[in-house]
Structure formats: C-alpha cells, structure tokens
Amino acid sequence: MEQPFSLTSEVRENRLIITTNGYVNNVGGAAIAEEFQRHFTEGVRHVIIDLALSRVVNSVGMSFLIEIIEKLTDAGGRLVFTNLDPSVDKMLGIMGLYDFAGREATTEDALRALAIRS
Amino acid sequence: MEQPFSLTSEVRENRLIITTNGYVNNVGGAAIAEEFQRHFTEGVRHVIIDLALSRVVNSVGMSFLIEIIEKLTDAGGRLVFTNLDPSVDKMLGIMGLYDFAGREATTEDALRALAIRS
Amino acid sequence: MRPPAPKANVMGRAVDVPVTLKIALPRVPGIELVALQGLEHLARHLGIAADKVGEARIIVTEAIINAFEHSGPDTTEVRVEFTMTADELTIFVRDSGRGFDPKTMVERPSVTSRGMPSRRGWGMKLMRSLSDGFEISSGKRGTTITITKRLS
Amino acid sequence: MRPPAPKANVMGRAVDVPVTLKIALPRVPGIELVALQGLEHLARHLGIAADKVGEARIIVTEAIINAFEHSGPDTTEVRVEFTMTADELTIFVRDSGRGFDPKTMVERPSVTSRGMPSRRGWGMKLMRSLSDGFEISSGKRGTTITITKRLS
Ligand SMILES: Nc1ncnc2c1ncn2[C@@H]1O[C@H](COP(=O)(O)OP(=O)(O)O)[C@@H](O)[C@H]1O
Ligand SMILES: Nc1ncnc2c1ncn2[C@@H]1O[C@H](COP(=O)(O)OP(=O)(O)O)[C@@H](O)[C@H]1O
C-alpha cells in the first residue's frame, strides 16, 4: 500500500527536484505546493517532480500541481514530471497537463530537457 | 501490504539460510518446507529462517515450521529464527517454539550460535 | 453481462466465477487506500493486466473522495463494492449524503479562460474516460455511482 | 465499554470518537491481508502503539482463516468489523457456515506426546492470549467471534 506521504527536495543546476513518496492527495499536494513555493520565492523557475514512489494520486492532489504549473507558466518557467506510473501518466494526459508541463522517463532526462532553458 | 510470498536460500558453513519475503500462510509455509526438505535430504542439519520481510505469519504457515523443527530435533539439528517482527516473536513464544528452536537478532548472530554444533 | 462460455482458468483459479468484496469505509483521511488494496488483491488473484488495474485505481479513488467531499459533513460512511471476473469489474460507490442532480450539474470547463487546465472538476471526467459504463443515481437519500470496466 | 471522559487528541484528531470499518471478504487466498490493511490504517490514524497493532494483526488473521477453513466449503463470504478508539478495539468476525460447539470443542493439547508443540490447534489459543475479551457464538447458522483488545 502507499506509504504516508513524504517528500525530499534538492536544487541542482538551479532546478528544484522534488521526489515524493506515497499518496498524492490533498495532504501530499499541499506539501508539494509548500516546498515549491519556498523555492519559487527564492527565484527557482524550473521544477522536476519525481513521482516514482507515488503510484496513487488523486485529482485533489493534482489541483495543487496545476497551481504550480500556472505559477511557473506565468513566470516563464516549466514543470517536468518524471518516473510516472502508467496510470498516473494516463490521468495527467486526460487532464491535459502535458500541454503545459513536460514528462520525462528519468530525472536525468528532465535535467537535460531543461538545460536549454535559462 | 505483505507481498506475494517468495524466498531465497543459501548454504553457508553447512547451514541452510532461508530468507522469506511476504505472508507466511499455507502457501508460504509449504514453500519453506519444500526448500528445507531438499537440503535436509542432502544432509543439512542446521537451518536459519530469516523472517525480516515477513511481518505477517499465520498458524497454518507455522505448522510447516513446526514440522521442520520436529525433523531437525529428531536428527540432532536445530532451527534458528532471525530478524523477527515483535508480533511474530510473540506468536512463536505463545506457541512454545523457543523450547525447541532458537532465535537471534541477525543471521550473523545465528551462524555464531550454531558454530559450536557439528 | 458476462459471456456465457466458460473461461480458461488462470493457474487453476476459476476466473469466470465473480468475486465480490464489500467495504464500508469510515471518514478517515486516506481510507480509500484500503479499498484500493482490496481491488488490487482481487485483480492479482484473477491475473488482471496492470494497465487495467491502474485505470480502475483512478476510478475508485475519485469516486470515494467525491463521496466524502461532496455528500456533506454528516456522511460518516461510504460503501464500496467490487465485483470482478477476469473480464469485467463492476464498482459501486454509495453515500447517504445530500445528493445532487447529475443532469443539471454544470460540468465545469476543463480549461480556464487562460487556456490552462482547470484546477478542480476532474473527478467525473476521469471516471467517465477510464470506464466502459458510468451511471449515477442521486437524490435526497444519497448518491450511488455504478461503474463497469472491461478488464480483458 | 469506553471511558466517559473525553480523550486528548492525537495531532488534532478526535481519538475518542470510534471509527468503524466493515468488510465482507470473498474466499480468495490471502484476502485477510486486505482486512489487516484496514486495521493498520485505522491504527495509524488513531496513533496506536506498534506492539498493540502487531498483536491485533495476529488475532484478526487467525479469526479470518478459521472462518474460511472450518465453516465449510459453502462459505463464500466472511464478514469482518473493526471498531476502534485510541483506547480499545472491537473485532467481529462472522461466517454463515456449519458452526461448532465451543464448549465441547476438544482444545487440542498444545504439546504432543513427545513434548513438542502441536502442529495445529493454535488459533483459539493465540486469539485468547492476545486479547482482553473473547466470545464465541456459534450455531447452525454460523459462527461469530467478538474480541476486544485494549490499545492504550
Ligand atoms: N457523491 C456526491 N454527492 C454530492 N455531489 C457530488 C457527488 N459526487 C460529485 N458531486 C458533484 O459533482 C461535482 C463534480 O465532481 P467532480 O467532477 O469530481 O469534480 P470536483 O470534485 O473537483 O468538484 C462536484 O463538485 C459535486 O457538486
Ligand atoms: N468459524 C468456525 N467455524 C467452525 N468451526 C470452527 C470455527 N473456528 C474454529 N472452529 C473449530 O475450532 C477448532 C480449533 O480452532 P483453532 O484453535 O484455530 O485450531 P485449528 O484451526 O488449527 O484447528 C477448529 O479445528 C474447528 O473445529
């Protein structure tokens, strides 16, 4: 079963990498948004969210990620999802998120994809 | 949640070490008994069962382990349990198994405890 | 609904006999994960493909969180029922809350005026998109949704 | 059964309001794991100590496997109910099988003639040893066991 939600984060090459573990529901989504906001305020504009250990997400949790996408888009930045479970990938597709956010197989791929951006 | 049952085994210093993963029910117990029997037939008399990844066991699964203890006791051998979840430890205690089988914190401890035996 | 011909067995299990799991969930954060665990256990037993299980997981999650979120604070229990064969899954999710009129429910736009995806209003759309049958019955005595999904 | 005084809250959760989870389990190998998952979810919500949860896990497992194993092959469903507060857990496990007479049930010797532990016959002993209240009601229409366990 999914674990109680937790996350770790790291800034590499001025990209914020958030790695989640467990269910991305309202609680998980809010925790991601808070971590994002802290770095966004400090000027980070490109964000990678690694969902490898979050096999279950819900639409309330995703609403927080959409808010992040809005803020990044307004600021000329970008969000890239990595290591998606196929069902989560499908969900984000139905929600139309890939018109505004990227997805890559791995975090290394995401860093490469974001390398051309300032 | 407990995984579907699986096990790995290794013979070190003529001791059979069985490491389980998942629920030790009738299926898990039978798999352990079969692995044991194969090595017992070949002459192994001291067995370590590492239950670190089996947090849930039931009394039907344990009946197979009691059978192993019977065979080893008759043959002058010994079974030692290692890495027990506290609840499993409690269960084996209630069933009186520690009068006939050992328990050690780790597999290394168990190998040391069995070292004096032939 | 199920085809009349007897099905091949998966590893000796009779995959054409439906199995049913019923759960009455209390209002406890994240309790839908327990229902998902039940779903996955049945699916593993019947040898269901991972992609189908993943899609069913989304449906079940959205249905349960809607029932707790929208039925009203007095709802202390949501009932969930899975009936599964190797071919088909039926999901019931029932609350005894305030109900709503699915016909007049304004399906919120799935994009905002700025062209971005809406933040909320995705549950129904996700459940519909990922299922093969979707029915809502709702009234003063609560809401029941019935979803079918082909698994083979 | 519960003490009348309101209890302290654990991280803002009202731990004195009982939460109830009900599950009707189909005859599927290992299905008791789903019930255990529910038990652990409630326990985490209420902040129950790990040793108590571990003991409850054994009780619940033994009760469910007995219901499927001994009630007869016609039993397709076993009903399980947990009611939990921070102080106490009540477990019901019910089958509608053949029943038995707990009074005349020969409690098998827990050691064999050779002094070794018996292979089988441990379920009742384990449930009794690890609980604070244990009642069986059994008859032609099935068996219900009701177990209470203090958690604090
Ligand atoms: N079980 C329910 N009880 C009452 N109203 C519901 C229920 N499920 C859905 N609804 C109504 O349908 C609307 C759309 O639901 P949904 O598509 O899941 O989006 P969201 O949950 O983000 O609002 C809800 O806002 C609510 O008004
Ligand atoms: N739900 C039940 N329905 C019918 N008989 C039962 C039930 N639970 C227990 N029994 C009877 O009680 C006996 C003792 O059970 P238990 O102590 O768990 O040992 P075991 O399951 O190894 O026989 C069983 O063998 C059975 O005869």
Side-chain angles (χ1 to χ4, degrees), chain C residues 9-48 53 57 60-61 64-65 67-68 73-86 89-96, chain D residues 9-48 53 57 60-61 64-65 67-68 73-86 89-96:
Chain C
N9 283 10
V10 174
M11 293 169 68
R13 294 186 285 260
V15 294
D16 55 337
V17 179
V19 286
T20 296
L21 176 71
K22 299 181 207 136
I23 317 189
L25 299 167
R27 186 186 281 280
V28 162
I31 195 73
E32 55 275 19
L33 294 175
V34 174
L36 294 187
Q37 204 60 55
L39 175 80
E40 299 203 337
H41 198 96
L42 301 191
R44 195 183 308 134
H45 174 65
L46 292 170
I48 308 301
V53 181
R57 224 160 41 209
V60 170
T61 305
I64 296 172
I65 64 172
F68 279 115
D74 295 344
T75 298
T76 54
E77 181 182 280
V78 169
R79 291 176 174 269
V80 180
E81 201 176 308
F82 304 123
T83 299
M84 202 185 285
T85 65
L89 167 65
T90 304
I91 303 163
F92 291 96
V93 176
R94 176 174 329 192
D95 63 65
S96 22
Chain D
N9 283 13
V10 175
M11 294 170 68
R13 293 186 287 261
V15 294
D16 55 337
V17 178
V19 285
T20 297
L21 176 71
K22 298 180 208 139
I23 317 188
L25 299 167
R27 186 185 281 279
V28 163
I31 194 72
E32 56 275 16
L33 294 175
V34 175
L36 294 187
Q37 205 61 53
L39 175 79
E40 298 203 339
H41 198 96
L42 301 191
R44 196 183 308 135
H45 173 66
L46 292 171
I48 308 300
V53 181
R57 224 160 42 212
V60 169
T61 306
I64 297 172
I65 63 172
F68 279 115
D74 295 342
T75 298
T76 55
E77 181 181 281
V78 169
R79 292 179 171 266
V80 180
E81 201 176 309
F82 304 123
T83 299
M84 201 185 284
T85 66
L89 167 65
T90 305
I91 304 163
F92 290 96
V93 176
R94 177 174 329 192
D95 63 66
S96 22

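Computed from heavy atoms alone, side chains included, the values below leave out hydrogens, waters and symmetry copies. Just so it is clear, the model here is predicted, and its values are computed rather than measured. The sequence lines fix the lettering, A, B, ..., with proteins before strands; numbering per chain opens at 1.
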#### Entry: R27(C) (side chain) donor-acceptor with T75(C) (main chain) under 3.5 angstrom
yes
### From CD1 (I31(C)) to CD1 (I64(C)), nearest 0.5 Å
9.0 Å
### Query
With only heavy atoms counted, which part of L42(C) is less than 4.5 Å from chain D, the side chain, the backbone, both or neither?
side chain
### Message
I'd like to verify something: which residue of V19(D), L25(D), T20(D) has the highest number of heavy-atom pairs under 4.5 Å with chain C?
### Response
T20(D)
### Task
Can you sort out the partners of R94(C) under side-chain contact (heavy atoms from CB on, under 4.5 Å), two or more places apart, ordered by chain and number?
R79(C), F92(C), T144(C)
### Query
Quick one: of K22(C), E81(C), E77(C), who has the most non-hydrogen atom pairs under 4.5 Å with chain D?
K22(C)
### Summary
Max heavy-atom pairs within cutoff under 4.5 Å with chain C, candidates A35(D), A24(D), G38(D), goes to A24(D)
### E40(D) CD to L33(C) CG distance, which is reported to the nearest 0.5 Å
13.0 Å
